[in-house]
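In what follows, chains carry the letters A, B, and so on, assigned in the order in which the sequence lines appear, proteins first and then strands, with residues in each chain numbered from 1. Note that these values count all heavy atoms, side chains included, but never hydrogens, waters or copies made by symmetry.
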Number of protein chains: 2
Amino acid sequence: MMKYDLDKKPTRGAQRTLLAFSQTMFQLLAQKPFEKINVNEICQLCNFPRATFYNYFDDKYDLINYCWYVLAEKVHIEEADQLKPNEVVIIYFDRLYDLFENNSQLVLAILRHNQISGNLVNSFTNYLRNLAHKMFLEVFGNLHFDVPVELMVDHCSSTILLLIEWIFLKKQPTTRKQAHHYLAVLLGDPETTAVQDSTTEKPTHTGA
Amino acid sequence: MMKYDLDKKPTRGAQRTLLAFSQTMFQLLAQKPFEKINVNEICQLCNFPRATFYNYFDDKYDLINYCWYVLAEKVHIEEADQLKPNEVVIIYFDRLYDLFENNSQLVLAILRHNQISGNLVNSFTNYLRNLAHKMFLEVFGNLHFDVPVELMVDHCSSTILLLIEWIFLKKQPTTRKQAHHYLAVLLGDPETTAVQDSTTEKPTHTGA
DNA sequence: GTATAGGTTATACAAGTGTATAAGTATAGT
DNA sequence: ACTATACTTATACACTTGTATAACCTATAC
């Protein structure tokens, strides 16, 4: 749980401050690894005293969490409960695909200084996985699978993030259509896996 | 990469010291959350000066990594390359199942103070996922799937760890047999899920 | 048994962290 | 415009971190 309550609407001053800190963090992330960034530096760069930083955040991890919140605000799906599980999974994947496409410069910059599967990148993917998890939990409701619902929810959110990591963090360029195919295969969608023969177009994964 | 080189065989003194620090860490983990543990405390408890700690470890994260190494030494599979992919996945799962069963007291104690999906627990599951990943990469070699090999490797290691987390960290008691079934379903094993078309002949991919 | 790595220890230091307090300033609602 | 509330700031403190240095033990090999 973040120190600053995101539910209450912030005053103008608070908005300015929150924005300044998160932007500064993004700026620094594009310049150096997260572990090398310290609170003093952040405050110096955006001209706020340390006391102000600690008014809003417990520590830099709290700030980074807010950064992910800002970045991922757009991926929320409204009225998801009126859709079929299968649809929601694909829609959520597409939202993430958009998110990474629309922020590719930032993502690339961050990856230049922060190891994939390192602490920082993990914290972001965990954040997104969590979002997926919460949403799927609601949508999958009381449906019945061959495995417990919660396990299926875990599996779907994990697999989506796995694929996103594969494409955008491990940088394996993949079209949306191809990605959908992979997703179907990994999630064991019977329609997609078994009916390979009828589809003429084979996914062509060009090495590296 | 750890500060201390695990490949060279340690002298008797080094063994004593490494053991002392890792045991102390395990002891503290059973008492309080990882973030609340600091280097001073560890050194005080096992009667080594801080200087000695920093002879061996960069920081407490380095030590925890060594702890996972100690804990997971037994899960290595020898001559895995002579087995079929399917077998290796199940064998590795069983090793992890054993690991968690044999160390259930420790695991439970750690979970009392450290949130699931928190930093500490994640670092452990990541460690194990990495082990799985390396092993599967070798074994899966140049096999052909409906998706790129590396993606399939990612998926298998993720799914195994997902199931282990589900059973032992989220504490959903599951027999080994049941777990094997879940695993087969999640990995889309055609034999186990639904034997719709027995004529599934894999198209051979020409990709790298 | 003595040389020599390898390991241990005491001590000191610069830097960063998180908390607390009290005084000052901006903002929103009436 | 006034006032209560929310936010900002300066300052200070106790504590942890990681590094450096130099002296001191101790196991192994010759």
Peer 1: What is the separation between atom CG on A:Asn38 and atom C1' on D:dG18, rounded to the nearest whole Å?
Peer 2: 14 Å

Peer 1: Does NZ or CZ of A:Lys3 fall inside the cone over A:Tyr56's six-membered ring, less than 6.0 Å from its centre and within 45° of the axis?
Peer 2: no

Peer 1: Can you find a side-chain donor-acceptor pair between B:Asp146 and A:His181 that sits under 3.5 Å?
Peer 2: no

Peer 1: Map B:Thr11 and B:Val39 onto DNA chain D by nearest heavy atom, then report which one ends up closer to the 5' terminus.
Peer 2: B:Val39

Peer 1: To the nearest angstrom, how far is B:Arg50 atom CZ from D:dT17 atom P?
Peer 2: 7 Å

Peer 1: Within the 4.0 Å heavy-atom criterion, would you say B:Tyr56 contacts the bases, only the backbone, or no part of the nucleic acid?
Peer 2: sugar-phosphate

Peer 1: Here's a test of your reading of the structure: between B:Tyr61 and B:Arg12, which maps to the more 5' nucleotide of DNA chain D?
Peer 2: B:Tyr61

Peer 1: What is the distance from CZ of B:Phe48 to C1' of C:dG7, rounded to the nearest Å?
Peer 2: 10 Å

Peer 1: So what does A:Ala51 hit on the nucleic acid, given a heavy-atom distance under 4.0 Å: a base, only sugar-phosphate, or nothing?
Peer 2: base

Peer 1: Just to confirm, is there a sub-4.0 Å distance from OP1 or OP2 of C:dG7 to any side-chain nitrogen or oxygen of B:Thr52?
Peer 2: no

Peer 1: According to side chain to side chain donor-acceptor pair (under 3.5 Å), who are the partners of B:Lys170, at least two apart in sequence or on a separate chain?
Peer 2: A:Asp154

Peer 1: Please report whether the ring centroid of A:Tyr4 lies less than 6.0 Å from that of A:Tyr66.
Peer 2: no

